[in-house]
Amino acid sequence: MELMDKLGESAGCIAGRLGSLKPQIAIVLGSGLGDLAESIEDAVAMDYRDIPNFPVSTVPGHKGRLVTGYLEGKCVMCMQGRFHYYEGYSMEEVVYPIRTMHLLGIRSLFLTNAAGCVNTAWHPGDLMLISDHIKLIADSPLRGQNPDGLGDRFFDMSSAYDKELLAAAEKAAETKGIAVRRGVYMLFTGPGFETPAEVRFARIAGADAVGMSTVPEAIAASHMRMHTLGISCLTNMAAGILDRPLNHEEVLETGERVKASFTALVREIIRTWPEDKL
Ligand code: HPA
């Protein structure tokens with residue numbers, strides 16, 4: 001089956017379950033934020049495995065559900081659990097849900113993640129709004145035949161992260177008294193953490209954070225001219241900055257420590273999402 005037909009089938013199945021719900025913001029909940037989906041009101045939850053053509057999540061602790069309903073007065077569709085390239089999915093599979101949500105009429109995308117901190121003036125637990133990204137790996141979700149029904153073959157990436165959304169998110173942080181950084185996220189494929197030399201390279205290249213997600217989704221969203229906001233929870237200093245090994249537990253522990261403020265910020269951002277981007 002052609003990609004557009006598959007997407008149409010997935011979107012049709014989801015739309016059938018949503019009834020009168022009309023989601024306006026797609027949210028991808030990264031490590032540590034999955035609980036937010038539990039507080040969605042009037043929720044319609046669908047397991048990925050029940051949606052035709054959807055990939056299925058393999059990471060322990062990552063739920064695989066699409067939860068739609070109301071959060072802070074906005075109708076949102078949350079991915080509770082995302083697909084990572086390191087799991088073995090193609091880039092096209094990684095972005096499949098984003099494309100499906102676009103077909104459902106959603107124009108705004110809110111990406112969250114956990115990332116390693118490359119900027120030595122910052123600290124574990126800091127929250128960073130993504131102003132731009134660097135992807136040096138060769139693959140792209142748009143490699144191959146262009147799905148003309150979604151966007152152009154060659155497309156602009158200069159506003160991949162919407163400036164108005166960035167400004168609104170900074171305002172939301174100020175309202176809540178939560179400190180946020182603004183910085184550049186660099187994609188590495190993982191699943192191994194980066195080497196110290198790779199982290200030095202990332203810093204010289206202009207990155208403030210490194211991570212294993214988000215970039216494919218932001219690229220697919222740009223292709224479809226969606227309005228994207230990204231935010232990283234910097235859970236650890238990236239490899240080689242501190243004189244000790246990295247582990248996944250540290251990532252989870254910091255995520256747990258800042259969960260309350262991260263959640264409060266995400267909620268305020270949703271509450272004040274600019275009307276013209278909905
Ligand atoms: N590197 C890549 N991805 C990550 C890291 C890291 O240090 N921490 C959390 N996700």
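Predicted, not measured: the structure shown is a model, and the values here were computed from it. Note that ligands are numbered from 1 as they come in the structure, with each ligand's atoms numbered from 1 the same way.
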Full working for salt bridge (Lys or Arg N to Asp or Glu O under 4.0 Å) between Asp162 and Lys277
CA-CA 10 Å; Asp162 189 284; Lys277 306 279 164 171; 2.9 Å; yes
Candidate pair Leu136 and Met186, rule side-chain contact (heavy atoms from CB on, under 4.5 Å), full reasoning
CA-CA 8 Å; Leu136 288 189; Met186 183 161 177; 3.9 Å; yes
Given the side-chain rings of Phe83 and Tyr48, with only the six-membered ring counted for Trp, is the space between their centroids under 6.0 Å?
yes
Classify the angle between the aromatic ring planes of His223 and Phe155 as parallel (below 30°), tilted (30 to 60°) or perpendicular (above 60°).
perpendicular
Measure from every N or O atom of ligand 1 to the protein's N or O atoms and keep only the pairs below 3.5 Å, writing each with atom names and distance to 0.1 Å.
unit_1	atom_1	unit_2	atom_2	d
ligand 1	1 (N)	Glu194	OE1	2.8
ligand 1	1 (N)	Glu194	OE2	3.3
ligand 1	7 (O)	Asn236	ND2	2.9
ligand 1	8 (N)	Gly116	N	3.4
ligand 1	8 (N)	Asn236	OD1	2.7
ligand 1	10 (N)	Ala114	O	3.3

Thr120 and Arg203: side chain to side chain donor-acceptor pair (under 3.5 Å), yes or no, with the steps?
CA-CA 9 Å; Thr120 53; Arg203 188 178 307 114; 4.9 Å; no
Assess whether side-chain contact (heavy atoms from CB on, under 4.5 Å) is satisfied between Asn113 and Met212, documenting all intermediate values.
CA-CA 9 Å; Asn113 63 48; Met212 307 175 193; over 6 Å; no
